[in-house]
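Hydrogens, waters and symmetry mates are skipped; everything else that's a heavy atom, side chains included, is used.
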Amino acid sequence: MNEYFVDLHIHIGRTFTGKPVKITAAKTLTLTNILQTAKFPKGLDIVGVIDCHSPEVIAEMEQLREKGRLIEMEEGGFRFENEVTLIPGTEMEVLDENCNGPIHLLAYFPGFKQLKEFSRWLSPRVTNLQLSTQRVYEKAVNIQEKVKSLEGLFIPAHVFTPFKSLYGKGVKQSLKEVLDPELIDGVELGLSSNTMMADRIGELHGFTFVSNSDAHSLPKMAREYQKMTLEAPTFSAVKKALHGMDGNSIDENYGLNPFLGKYYRTACAKCFTLKQGDTCANCGSKKFTKGVSERIAELADERTTPPERPPYIHQVPLDFLPGLGAKTKEKLYSHFGSEMNILHRVSEGELKKVVKGGLADLIVKARSGELQLEEGGGGRYGKVAK
């Protein structure tokens, strides 16, 4: 058994030929760049790339395999240069007759055979198979059944965000309105919530929580992730960890303090001022984006006792720290090897040898949750108070 850092929600911006996949994602976010960045400077051990249904992404995977850089493993998943594991998947948007609004769903597959079969199955059900997060014209439960028939993993994505999520838009009260709970392998919390908030909803007590970055650029990789203890860095072991089997486990969830999330509080949809009354105090608008904290309060059923869960550690990524620019970040990487080392392992004394004391203090305070934060909402991130 060994420990691994895992981020299971990373988008692809462009294919190796330059064609768009996730249109809103960075052009540098190619599959090969993701795998190389996971290795250095991020220090991730396992990544879930959720646009691998796209035919050109599959072609890039095959090219990497032919060059010997990507090896399909017997226990599922693909090993990149013997240092990073790729778990291929797809993100889908669904709006069937049971949904009140569109929801995003994640599926992951152990190998080429299952991935290609799902891509073929998906093709007549979407408008453009090349692109990310396409509307799938199929019932959500039928998608679940197809994923499970291919030995895949099924996880509802960022379940509380006000747009295109299970609780944000999809259901009035219960996930059973849309999904079969028996076919869910985990629940992705999203950037504006944490374990304590999600466990206010009794029906979630039976599911494993995952915290992933939903990265739309290389620097955003690993802004949320988890530490797992696994028998090996394989698809099979990750599946076992999600279900607590054979000693495989999720040991810690690392995520943004919900205050830093874009949708933590209800805020004006026009100017992002946090809601205090029925009219925005700043611009007079009456249109608000409901916050995750307020939506969870609506859904809360606290009559049952939450299960014992891994600790949820509020992580402040280096990008959020004021005064830490690109040059300083590169300096830290060159001295300490990876972002995981900087955030978790390097001592305060060692940090102060490389960067100014005030910045070293911020990094240490970020580890211990001592930073002062300003709440985000309405589509604008929170921030570290100066």
Original post:
So, Glu60 versus Thr32: side-chain donor-acceptor pair below 3.5 Å or not?
Top reply: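 On atom types as modelled, these side chains qualify, holding a pair under 3.5 Å.
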
For Lys164, salt bridge (charged side-chain N to carboxylate O under 4.0 Å, His left out) partners two or more places apart: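 For Lys164 the salt bridge (charged side-chain N to carboxylate O under 4.0 Å, His left out) partners, ignoring immediate neighbours, are Glu93.
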
- prompt: Do Thr273 and Cys283 have side chains that get closer than 4.5 Å, going by heavy atoms?
  reply: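 A side-chain contact under 4.5 Å is absent here.
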
What residues form a side chain to side chain contact (heavy atoms under 4.5 Å, CB included) with Asn128, not counting sequence neighbours?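 Residues passing side chain to side chain contact (heavy atoms under 4.5 Å, CB included) with Asn128: Gln130, Leu131, Gln134.
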
Exercise. Between Glu138 and Val94, is any pair of side-chain heavy atoms under 4.5 Å apart?
Worked result: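 No. Closest side-chain heavy atoms not under 4.5 Å.
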
Q) Taking the inter-plane angle between the rings of Phe160 and Tyr167 on a 0 to 90° scale, is it parallel (under 30°), tilted (30 to 60°) or perpendicular (over 60°)? A)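 Parallel.
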
Inset, instruction - Return the minimal non-hydrogen interatomic distance between Leu150 and Pro110, and the atom names on each side. - result: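 Where Leu150 meets Pro110 most closely, the heavy atoms are O-CD, 4.0 Å.
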
- Task: Test the Arg309-Phe209 pair against the cation-pi criterion, namely NZ or CZ under 6.0 angstrom from the six-membered ring centroid and within 45° of the ring axis.
- Result: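 Geometry flag: set, cation within 6.0 Å and 45°.
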
* Taking 4.0 angstrom as the limit, do Glu117 and Lys113 come out as a salt bridge? ->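 Result for this pair is no, no salt bridge flagged.
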
* Asked: Any idea which heavy atoms bring Pro258 and Ser193 closest together, and the distance?
  ->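 For Pro258 and Ser193, the tightest heavy-atom pair comes out as CG-C, 3.9 Å.
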
**Request:** Please determine, by modelled atom types, if Thr229 and Glu3 share a side-chain donor-acceptor pair under 3.5 angstrom.
**Result:**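 The answer is no; no qualifying pair exists.
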
May I ask you to check whether Glu224 and Ser213 show a side-chain donor-acceptor distance below 3.5 Å?
->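 No, no side-chain donor-acceptor pair sits under 3.5 Å.
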
Q) Relative to the ring of Phe259, is the ring of Tyr264 parallel (under 30°), tilted (30 to 60°) or perpendicular (over 60°)? A)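 Tyr264 vs Phe259 ring planes: tilted.
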
Original post:
Should Arg223 and Asp214 count as an ion pair when the cut-off is N to O under 4.0 Å?
Top reply: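 No, this pair does not count.
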
(Q) Assess whether a salt bridge exists between Lys139 and Glu145, defined as any Lys/Arg side-chain N lying under 4.0 Å from an Asp/Glu carboxylate O. (A)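 Salt bridge absent between Lys139 and Glu145.
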
- Query: Where does the angle between the aromatic ring planes of His344 and Phe5 fall among parallel (under 30°), tilted (30 to 60°) and perpendicular (over 60°)?
  - Reply: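 Parallel: the ring planes of His344 and Phe5 meet at under 30°.
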
I'd like to know if Arg295 and Glu298 make a salt bridge, using a cut-off of under 4.0 Å between side-chain N and carboxylate O.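 Glu298 and Arg295: salt-bridged.
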
Which heavy atom of Cys52 sits nearest a heavy atom of Ile58, and at what distance?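 So the two residues come closest at O-CG1, 3.1 Å.
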
Thr90 and His53: side-chain donor and acceptor closer than 3.5 Å?
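A pair is found: one side chain offers a donor N or O, the other an acceptor, under 3.5 Å apart.
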
Task: Aromatic ring proximity, centroids under 6.0 angstrom, Tyr108 and Phe235 - done: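 No - the distance between ring centres of Phe235 and Tyr108 does not fall below the 6.0 Å cut-off.
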
Heavy atoms from other residues, nucleotides or ligands near NZ of Lys329 exceed 12 (cutoff 6.0 Å):
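Check passes, neighbour count above 12.
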
* Asked: Would one find more than 12 heavy atoms of other residues, nucleotides or ligands at under 6.0 Å from atom NZ of Lys146?
  ->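 More than 12 heavy atoms, drawn from other residues, nucleotides or ligands, come within 6.0 Å of this atom.
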
Glu350 and Lys353 ion-paired at < 4.0 Å =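 Lys353 and Glu350: salt-bridged.
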
Quick one: do the Thr17 and Thr15 side chains pair a donor with an acceptor below 3.5 Å?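 There is such a pair (donor and acceptor under 3.5 Å, judged by atom type) between the side chains of Thr17 and Thr15.
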
My understanding is that only one of Asn248, Asp185, Thr208 makes a side-chain hydrogen bond (donor to acceptor under 3.5 Å, both in side chains) with His243; could you say which?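 Among Asn248, Asp185, Thr208, the one meeting side-chain hydrogen bond (donor to acceptor under 3.5 Å, both in side chains) with His243 is Asp185.
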
| said: Between Leu318 and Leu343, is there a side-chain heavy-atom distance shorter than 4.5 Å? | reply: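 With C-beta onward as the side chain, the pair touches.
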
For Lys240, is there an ion pair with Asp246 - N to carboxylate O distance below 4.0 angstrom?
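Between Lys240 and Asp246 there is a salt bridge, with a charged N closer than 4.0 Å to a carboxylate O.
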
Flag side-chain contact, heavy atom, 4.5 Å: Arg69 against Gln36 =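 Yes - at least one pair of side-chain heavy atoms lies under 4.5 Å apart.
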
query: Would you say Arg14 and Lys19 make side-chain contact, with heavy atoms under 4.5 Å?
result: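 The answer is no; the side chains never approach within 4.5 Å.
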
TODO: Would you please say whether a donor-acceptor pair under 3.5 Å links the side chains of His9 and Glu91?
DONE: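 Side chains of His9 and Glu91: pair found under 3.5 Å.
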
Going hydrophobic residue to hydrophobic residue with side-chain gaps under 4.5 angstrom, can you get from Trp121 over to Phe112?
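Linked, Trp121 and Phe112 end up in one cluster.
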
